[in-house]
Amino acid sequence: MRQPMVAGNWKMNGSSSSVKELIAGIKDGMASVTKAEVVVCPPAVYIPRVSGAVEDTAIKVGSQNVCDQDKGAFTGEISGEMLKDVGCEYAIVGHSERRSLYGESDELVAKRFAAARRNGIKPIFCIGETLQEREQGITNDVCSRQIDAVIALEGVEALADGVIAYEPVWAIGTGKTASPEQAQEVHAFIRGKIAALNADVAEGLRILYGGSMNPANAAELISQADIDGGLIGGASLKAEDFLAICSAAE
Ligand code: 13P
């Protein structure tokens, strides 16, 4: 049985006071979350504050990216060791906003994945197709190519050290969710592809769905056979909504 996981990607939102309020709200509701693994990924500057606040809880902390290098002249980047030092257990890598707005290639994402691993951080490895790619019928090819970059660098067994988040780009922040059937189809493809290389890794690997997941659609999405939880953007900024999705995952 794979443990369900719900991760909140706060993106570039919040302030000292709103972060304090949000994490307090999530902590307050955690008593009713017994099965799902809960992760929050604040903007980097707020990670130490959030790590401190969740110390005595089951809530885990992740970053929104991690540098592919470990130390030195890489202005603006944050190393895996630093993230570990301030309490991160997870790091998102390859988010579509990083790929499309900041030009991160499959190869760079794979290197960031590797950097997380070698620093003892579990990658939340994001993949997914654009609307144009879906309309061209190449959704599986795109996801495959993105996964292959990590496999080429780290081997298929490396996937067992993290989770995959399938986030169709057209569903992110648009209010347009993939239907449970559409999402399940891609999740099954991803698991099948990995199973062809290593059945144990595929069986144990958690594959999250992301893209306009909310309290109203979470249960149906997460009840699909190959959907093991969610990576939540907008709805993770309200404690009540985020907790409702955590409950749905149970
Ligand atoms: P939304 O839930 O706002 O669509 O964002 C999803 C996402 O990008 C999570 O990483």
Side-chain angles (χ1 to χ4, degrees), residues 4-14 18-19 22 26 36-44 46-47 50 59-66 83 88-104 109 112-113 116 121-131 133-134 139 142-143 146-147 162-180 182-183 186-187 190 206-222 224 227-249:
M5 172 169 163
V6 178
N9 174 7
W10 295 359
K11 306 192 181 182
M12 197 171 73
N13 293 293
S18 76
V19 160
L22 177 55
I26 296 172
E37 182 176 23
V38 175
V39 182
V40 293
C41 304
Y46 299 123
I47 288 173
V50 172
I59 301 167
K60 293 169 180 164
V61 180
S63 62
Q64 296 177 13
N65 209 347
V66 56
L83 293 170
C88 285
E89 193 166 320
Y90 284 93
I92 295 172
V93 298
H95 193 279
S96 69
E97 287 147 19
R98 298 299 318 173
R99 293 177 187 267
S100 68
L101 302 173
Y102 297 95
E104 294 194 12
V109 171
R112 291 188 188 271
F113 184 107
I121 291 178
K122 300 168 192 163
I124 300 174
F125 170 40
C126 299
I127 61 171
E129 83 288 2
T130 62
L131 182 58
E133 289 163 339
R134 173 159 285 263
T139 295
V142 170
C143 293
Q146 293 170 335
I147 295 169
V163 305
I164 288 182
Y166 168 59
E167 300 204 305
V169 178
W170 49 272
I172 295 177
T174 58
K176 258 193 230 162
T177 320
S179 70
Q182 275 176 325
V186 182
H187 281 235
I190 295 165
R206 290 179 293 178
I207 308 177
L208 316 182
Y209 168 80
S212 298
M213 196 186 263
N214 60 43
N217 61 29
E220 204 186 347
L221 282 160
I222 299 174
Q224 302 297 310
I227 302 184
D228 304 306
L231 180 57
I232 323 299
S236 73
L237 296 172
K238 274 171 87 182
E240 193 188 337
D241 288 353
F242 184 63
L243 288 162
I245 297 171
C246 295
S247 298

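Whatever order the structure lists ligands and atoms in, that order sets their numbers, starting from 1. Values below: every heavy atom of this structure, side chains too, minus hydrogens, waters and symmetry copies.
Gln64 contributes a side-chain N or O that, together with a main-chain N or O of Lys11, makes up a donor-acceptor pair within less than 3.5 Å. Asn13 places no side-chain N or O within 3.5 Å of a backbone atom of Gly233 that could act as its donor or acceptor partner.
The shortest contact between atom 9 (C) of ligand 1 and any protein heavy atom is with Glu167 OE2, 2.9 Å. Counting only heavy atoms of the protein, atom 5 (O) of ligand 1 lies nearest to Lys11 NZ, 3.3 Å. Counting protein heavy atoms only, atom 2 (O) of ligand 1 is closest to Gly233 N, 2.9 Å.
Considering only heavy atoms from C-beta on, Ile172 comes within 4.5 Å of Ser96 through its side chain. No side-chain heavy atom of Val186 sits less than 4.5 Å from a side-chain heavy atom of Glu129. Between Ile222 and Met213 the shortest side-chain heavy-atom distance falls below 4.5 Å. Contact check for Val61 versus Pro42: side-chain heavy atoms found under the 4.5 Å cut-off.
For ligand 1, the atoms lying closer than 4.0 Å to a non-hydrogen atom of Gly234 are 1 (P), 2 (O), 3 (O). Listed by number with element, the atoms of ligand 1 under 4.0 angstrom from any heavy atom of His95 are 7 (C), 8 (O), 9 (C), 10 (O). Residue contact check: Ala171 has heavy atoms under 4.0 Å from atoms 4 (O) of ligand 1. For ligand 1, the atoms sitting less than 4.0 Å from at least one non-hydrogen atom of Leu231 are 9 (C), 10 (O), numbered in the order shown with element in parentheses. Near Ser212, meaning under 4.0 Å from any of its heavy atoms, are these atoms of ligand 1: 1 (P), 2 (O), 4 (O). For ligand 1 and Gly211, the ligand atoms under 4.0 Å from any heavy atom of the residue are 4 (O), 6 (C). Ligand 1 places these atoms under 4.0 Å from at least one heavy atom of Gly173: 1 (P), 3 (O), 4 (O).
Classified by interplanar angle (parallel below 30°, tilted 30° to 60°, perpendicular above 60°), the ring pair Tyr209/His187 is tilted.
Within a 6.0 Å radius of CD in Glu220, other residues, nucleotides and ligands contribute 12 heavy atoms or fewer.
Judged by the shortest distance from any of its heavy atoms, Gly210 lies outside the 4.0 Å radius around the atoms of ligand 1.
Some N or O of Asn9 is nearer than 3.5 Å to an N or O of ligand 1, by distance alone.
Of all the heavy atoms of Ala235, none lies under 4.0 Å from any atom of ligand 1, so neither backbone nor side chain is involved.
Annotation for Gly62 and Cys88: closest pair C-SG, 4.0 Å, computed over non-hydrogen atoms.
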